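To start, the structure itself, in structure tokens.
A quick note: this is a predicted structure, and the numbers were derived from the prediction, not measured.
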Amino acid sequence: MTVNLIRPTDVPAGHRRTVRVDVTIPRPATVPALFRAAARLLAANGLYQGDYVPDVFDREMCIPHALRPMSIVAALKQASTGDHRADSLLADEAIARLALRLNDGPQWGDIFSLEAHVDEWGDVEGRTTESAVAVLYAAADAAEVAA
């Protein structure tokens, strides 16, 4: 028997059924968009003061890494690639711009020093998620003005 469905959610009895649709959310393509995406990610998950995410080897937690609190560097990488450990040129550029905005800037200009500088800023005792989100939004606004 062949059933012609007029709409994908219609069935012959007149009932409706749930249709699963996979939607790929586009990744940010510019530095300001990446700052805003990372800010939203931090606002939703929280700021982690430490190395990227808590319990990175999943010894105590079974929550996906993308849903855990994360550091600013991890949030930038997660927003640009979908993985908090993966490198991308866009994330590296955003980390570099943010590092130069924070305090007096890093001592060295390599990406590891830039990441460490941003992480050190985020790891200051008393630093809140709200302050990290505010800095990311301010960096996004400044990057748009510069462009």
Side-chain angles (χ1 to χ4, degrees), residues 5-11 15-147:
L5 299 178
I6 298 170
R7 292 183 300 210
T9 56
D10 288 344
V11 293
H15 298 91
R16 299 186 60 82
R17 63 182 171 92
T18 303
V19 176
R20 182 174 176 220
V21 179
D22 290 330
V23 178
T24 304
I25 298 172
R27 300 275 175 215
T30 63
V31 172
L34 179 58
F35 281 139
R36 287 190 177 90
R40 288 190 301 271
L41 188 61
L42 281 179
N45 295 355
L47 177 67
Y48 177 66
Q49 295 181 323
D51 188 26
Y52 289 160
V53 295
D55 189 30
V56 72
F57 295 116
D58 301 324
R59 293 184 180 128
E60 299 172 7
M61 301 174 84
C62 61
I63 300 169
H65 290 200
L67 301 178
R68 297 179 189 181
M70 53 185 63
S71 70
I72 297 170
V73 171
L76 287 167
K77 289 183 175 189
Q78 179 76 32
S80 68
T81 64
D83 184 1
H84 67 277
R85 297 166 294 207
D87 293 323
S88 74
L89 293 175
L90 183 62
D92 289 349
E93 183 179 350
I95 290 166
R97 287 192 189 185
L98 185 60
L100 294 174
R101 289 181 53 84
L102 300 174
N103 301 335
D104 294 330
Q107 185 173 2
W108 308 103
D110 63 302
I111 189 63
F112 300 113
S113 297
L114 297 170
E115 286 182 9
H117 184 71
V118 173
D119 273 337
E120 287 171 7
W121 183 88
D123 289 345
V124 170
E125 188 174 337
R127 183 80 62 209
T128 62
T129 301
E130 290 80 14
S131 63
V133 168
V135 164
L136 287 170
Y137 276 121
D141 294 339
E144 279 185 345
V145 170

Subject >> Backbone N/O of Gly122 and side chain of Gln49: donor-acceptor pair under 3.5 Å >> reply: yes
Original post:
How far does CG of Leu114 sit from CZ of Arg97, to the nearest 0.5 angstrom?
Top reply: 13.0 Å
Subject >> Contact check, side chains of Leu136 and Leu42, non-hydrogen atoms, under 4.5 Å >> reply: yes
Original post:
Between His117 and Leu102, is there a donor-acceptor pair closer than 3.5 Å when you use the side chain of the first and the backbone of the second?
Top reply: yes
Original post:
For residues 31-46, which residue pairs qualify under side chain to side chain donor-acceptor pair (under 3.5 Å), counting only residues two or more places apart or in two chains?
Top reply: Arg36-Asp141, Arg36-Glu144
Original post:
Under a 4.0 Å N-O cut-off, is there an ion pair linking Glu120 with Arg127?
Top reply: no
Subject >> Atom pair CD/CG of Glu93 and Leu89 - distance to nearest 0.5 Å >> reply: 8.5 Å
**OP:** Using a cut-off of 6.0 Å, state whether more than 12 heavy atoms not belonging to Asp110 lie near its atom CG.
**Re:** yes
**OP:** Please report the shortest heavy-atom distance between Ala143 and Phe35, naming the atom on each side.
**Re:** CB-CE1, 4.5 Å
**OP:** Find the distance between CG (Leu47) and CD1 (Ile72) and round it off to the nearest 0.5 Å.
**Re:** 5.5 Å
Original post:
Which distance, rounded to the nearest 0.5 Å, do you find between the OG1 of Thr30 and the CG of Leu90?
Top reply: 7.0 Å
**OP:** Give the minimum heavy-atom separation between Ala79 and Leu41, together with the two atoms involved.
**Re:** N-CD2, 4.4 Å
Subject >> Shortest non-hydrogen separation from Gly82 to Arg27 and the atoms involved >> reply: CA-NH2, 3.4 Å
Original post:
Looking at Leu100 and Pro106, what are the two nearest heavy atoms and their distance?
Top reply: CD2-CD, 4.0 Å
Original post:
Below 4.0 angstrom, N of the basic side chain to O of the carboxylate: do Asp83 and Lys77 qualify?
Top reply: no
Subject >> Ser80 side chain to Ser88 side chain, donor-acceptor N/O pair below 3.5 angstrom >> reply: yes
Original post:
How long is the gap from CG on Leu98 to CH2 on Trp121, to the nearest 0.5 Å?
Top reply: 7.5 Å
**OP:** Look up atom OG1 in Thr81 and atom CG in Asp87, then write down how far apart they are to the nearest 0.5 Å.
**Re:** 8.0 Å
